Amino acid sequence: MKIKLRIKSPKRIQISNPLHSNWFFPITLFIFEVLSALYGEKLPENGGFGWDGIAYASLAQDGIRSWWANDFFVFRLFPSLLVNVAFKLLHIATTPPNIVLAFGLLNALSVAVAAWFAKKIFVLLDLKPGTQLLGFVLLFINCGVLHFIKYYPVMTDAVGLCLGTILLYCYLKNLSAELIIVGVFGAFTTPLLALIELPLILFPYKPIEYRPLDPTKLKLLSAVGFVYFIAISIYVVYIAKYWLNIPMVLQPNQLLLPVGIITSAIVFAGIIRLVSNANFFDFGWIKTQFTKWGIISTAVFLGLVILCKWLIPSNAPSPYPANFFIFTHHTTTAFMRPLIGIAGQLNFFGALVLLCLLFWKRIYTHIHELGLGFVLCVAGILLLFGQTCEARTLFSFLPFLTIAVLIALNKRTFNPLFYALIVAINLLTSKVWLTINYQWGNGWDETGAANFPNQWFFMHLGPWMSPKVWLILLVMVFLFSVLLFVLSKLRVSFKKEIVAHV
């Protein structure tokens with residue numbers, strides 16, 4: 001009798017890639033931001049509070065009883081109230097060093113939560129692993145996340161990024177009640193989140209079909225956008241002569257001003273193609289998109305924001321008129337130098353703006369997969385504020401623009417060098433190694449821009465960058481765009497050569 005022994009081969013131990021874990025980026029970013037809050041270089045101005053940080057620190061100390069609880073800062077109150085409540089619960093003294101550290105830790109937690117929800121969004125949209133990694137690079141490996149919130153912690157930027165990411169997740173999951181609640185908190189973190197929220201609530205998530213406009217109508221749509229932008233620019237600059245009159249702000253070059261207006265109008269004409277879906281010009285189709293629940297939810301959201309504003313005592317009206325932010329702060333500053341908005345956004349957010357330039361047609365045709373609310377949200381924010389050179393004001397919008405890019409690129413396969421270059425661009429523009437060495441009183445040059453070393457800080461705030469920085473960034477935009485374009489074609493050309501050879 002023969003006995004056969006069957007020995008099973010040992011199972012191979014499979015070690016999953018930690019980069020694809022749900023927790024890798026949240027934990028890594030949290031540790032980095034905590035260490036930055038504890039040991040990183042801080043803006044020394046006003047005891048570490050900076051400028052707007054004086055208001056946020058006062059609100060953290062005194063809550064709604066603060067002198068700074070006016071109609072402007074009341075809509076940026078939420079992060080300061082979190083710090084205020086934490087101090088009271090833990091019986092911590094509200095000294096300046098404690099406030100700076102508290103905001104730094106709040107920023108660390110906000111970035112980690114944003115990364116966790118970003119991963120959930122990537123999985124929900126069934127993005128490829130490579131696309132997911134690209135998304136994390138675009139969202140978190142940039143100057144805004146790795147450098148600016150560490151150096152200037154007493155702000156609302158990181159909390160805005162976090163709430164913006166949660167808003168996007170709630171929209172894609174059709175969590176209407178949660179969307180309203182997060183939106184109300186967002187409205188009192190940065191008003192931009194309220195504008196983002198409105199179309200998301202009014203039109204719940206449902207993918208829509210993209211029907212391209214007739215080529216003639218598409219050109220007409222772009223022409224209308226171009227002419228509108230030229231007309232409003234002429235009024236603001238040459239008739240109303242409405243300009244920013246703040247020390248250390250880059251003053252317009254009169255010879256380059258027309259070029260700046262025309263280039264900005266071209267960009268505006270491209271942005272308006274987000275609404276080039278033929279369905280948007282069909283009133284019958286538009287009526288079918290309104291739902292009773294969407295209208296009720298919008299009314300509830302607006303009612304809650306108005307109620308909260310009414311319940312919070314205001315010490316004074318807003319020190320800034322509404323048109324300051326519509327025309328001057330976000331639009332008119334784009335005229336200072338040609339394409340200064342794109343230069344400033346490369347400086348702050350890295351390769352994201354370059355991918356938008358290179359793949360804009362794919363973006364405005366694929367974005368409709370994310371629903372009407374998402375399309376109107378992205379189109380509205382970009383048309384109003386998309387050319388701002390102070391990119392940090394778009395922090396809470398960053399998840400939406402990133403997802404629009406990822407959806408457009410998800411079905412494309414690129415050469416590995418393409419992804420490597422994006423990582424290199426974002427690491428380079430993050431400037432995490434840079435010691436800013438800010439020194440108040442260093443002065444500014446004849447153009448109105450701060451000199452170095454102050455420029456290491458002010459160049460990240462758009463209108464405060466010097467002409468030299470603008471030129472360098474513009475050259476980087478051109479060179480990096482060319483390199484990305486060439487690398488994006490490499491794999492396709494190889495395939496064509498192989499097919500031709502066979």
Side-chain angles (χ1 to χ4, degrees), residues 125 171-172 195-196 198-200 202-235 259 261-291 294 331 334 338-339 341-342 352-387 397 400-414 481 484-485 488-489 492 496:
L125 295 175
Y171 166 75
L172 294 173
L195 296 179
I196 290 172
L198 284 171
L200 302 181
L202 186 58
F203 300 105
Y205 171 58
K206 181 179 68 173
I208 59 176
E209 177 191 7
Y210 176 72
R211 292 196 298 120
L213 281 176
D214 176 85
T216 303
K217 292 181 180 178
L218 181 61
K219 292 178 182 177
L220 179 62
L221 177 67
S222 295
V224 169
F226 180 85
V227 172
Y228 165 80
F229 196 91
I230 291 290
I232 199 71
S233 302
I234 291 174
Y235 172 77
V259 180
I261 292 174
I262 291 172
T263 53
S264 296
I266 293 172
V267 174
F268 190 89
I271 294 173
I272 206 170
R273 292 196 173 200
L274 284 166
V275 294
S276 63
N277 192 332
N279 288 323
F280 295 168
F281 300 88
D282 182 348
F283 290 104
W285 180 88
I286 291 174
K287 285 197 292 186
T288 64
Q289 300 305 303
F290 287 93
T291 63
T331 305
L339 301 179
I342 292 175
L352 181 64
V353 65
L354 305 181
L355 295 177
C356 288
L357 293 174
L358 292 175
F359 299 101
W360 187 243
K361 185 176 182 179
R362 289 186 63 86
I363 291 171
Y364 72 73
T365 55
H366 284 75
I367 194 175
H368 299 80
E369 299 172 21
L370 299 171
L372 178 60
F374 188 92
V375 175
L376 294 180
C377 163
V378 173
I381 299 301
L382 287 183
L383 288 172
L384 281 175
F385 312 119
Q387 298 193 68
F397 178 67
F400 293 84
L401 189 57
T402 301
I403 287 298
V405 171
L406 297 182
I407 285 293
L409 300 185
N410 189 46
K411 296 176 183 178
R412 288 283 305 270
T413 301
F414 297 98
S481 296
L484 285 173
F485 177 78
S488 70
K489 299 296 183 182
V492 176
K496 286 182 179 178

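Please read these numbers as outputs of a predicted model, since none were measured by experiment.
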Next item on the list: Output, in order, the C-alpha distance, side-chain angles, deciding distance and verdict of side chain to side chain contact (heavy atoms under 4.5 Å, CB included) for Phe359 and Arg412.
Entry: CA-CA 11 Å; Phe359 299 101; Arg412 288 283 305 270; 3.9 Å; yes

Notebook entry, point to check: Atom CG of Leu200 and atom CG of Leu195: how far apart are they, to the nearest 0.5 Å?
Noted result: 11.0 Å

Notebook entry, point to check: Does Ser481 have any side chain to side chain donor-acceptor pair (under 3.5 Å) partners at least two apart in sequence or in another chain, and if so, which?
Noted result: none

Margin query: Using the rule given for side chain to side chain contact (heavy atoms under 4.5 Å, CB included), can you reason through Leu274 versus Leu383, listing the C-alpha separation, both sets of side-chain angles and the distance that settles it, and then say yes or no?
Written below: CA-CA 10 Å; Leu274 284 166; Leu383 288 172; over 6 Å; no

Next item on the list: Sequence neighbours left out, what passes side-chain contact (heavy atoms from CB on, under 4.5 Å) with Ile363? Give chain and number order.
Entry: Cys356, Trp360, Ala404, Val405, Ala408

Item checked: Partner residues of Leu172 under the side-chain contact (heavy atoms from CB on, under 4.5 Å) criterion, sequence neighbours left out -> Ile121, Leu124, Leu125, Leu168, Tyr205, Leu370

Next item on the list: Determine, step by step, whether Gln387 and Phe229 satisfy the side chain to side chain contact (heavy atoms under 4.5 Å, CB included) criterion, reporting the C-alpha distance in whole Å, the side-chain angles of both residues, the deciding distance to 0.1 Å, and the verdict.
Entry: CA-CA 12 Å; Gln387 298 193 68; Phe229 196 91; 3.9 Å; yes

Item checked: Pairing residues for Tyr210 by the side-chain contact (heavy atoms from CB on, under 4.5 Å) criterion, not counting sequence neighbours -> Pro212, Ser276, Asn277, Tyr364, Thr365, His368

Item checked: Main-chain N/O of Leu372 paired to Gln289 side chain as donor or acceptor, under 3.5 Å -> no

Next item on the list: For Phe485, check ring pair (Phe, Tyr, Trp, His ring centres under 6.0 Å) against everything at least two apart and list the hits.
Entry: none

Next item on the list: Check the pair Leu213 / Phe280 against side chain to side chain contact (heavy atoms under 4.5 Å, CB included), numbers first and verdict last.
Entry: CA-CA 10 Å; Leu213 281 176; Phe280 295 168; over 6 Å; no

Notebook entry, point to check: Can you tell me how far CZ of Phe281 sits from CG of Asp214, rounded to the nearest 0.5 angstrom?
Noted result: 12.0 Å

Margin query: Distance check, rounded to the nearest 0.5 Å: Ile381 atom CD1 versus Phe400 atom CZ?
Written below: 9.0 Å

Item checked: All side-chain contact (heavy atoms from CB on, under 4.5 Å) counterparts of Lys219, not counting sequence neighbours -> none

Check: Which residues satisfy the ring pair (Phe, Tyr, Trp, His ring centres under 6.0 Å) test with Phe397, sequence neighbours excluded?
Finding: none

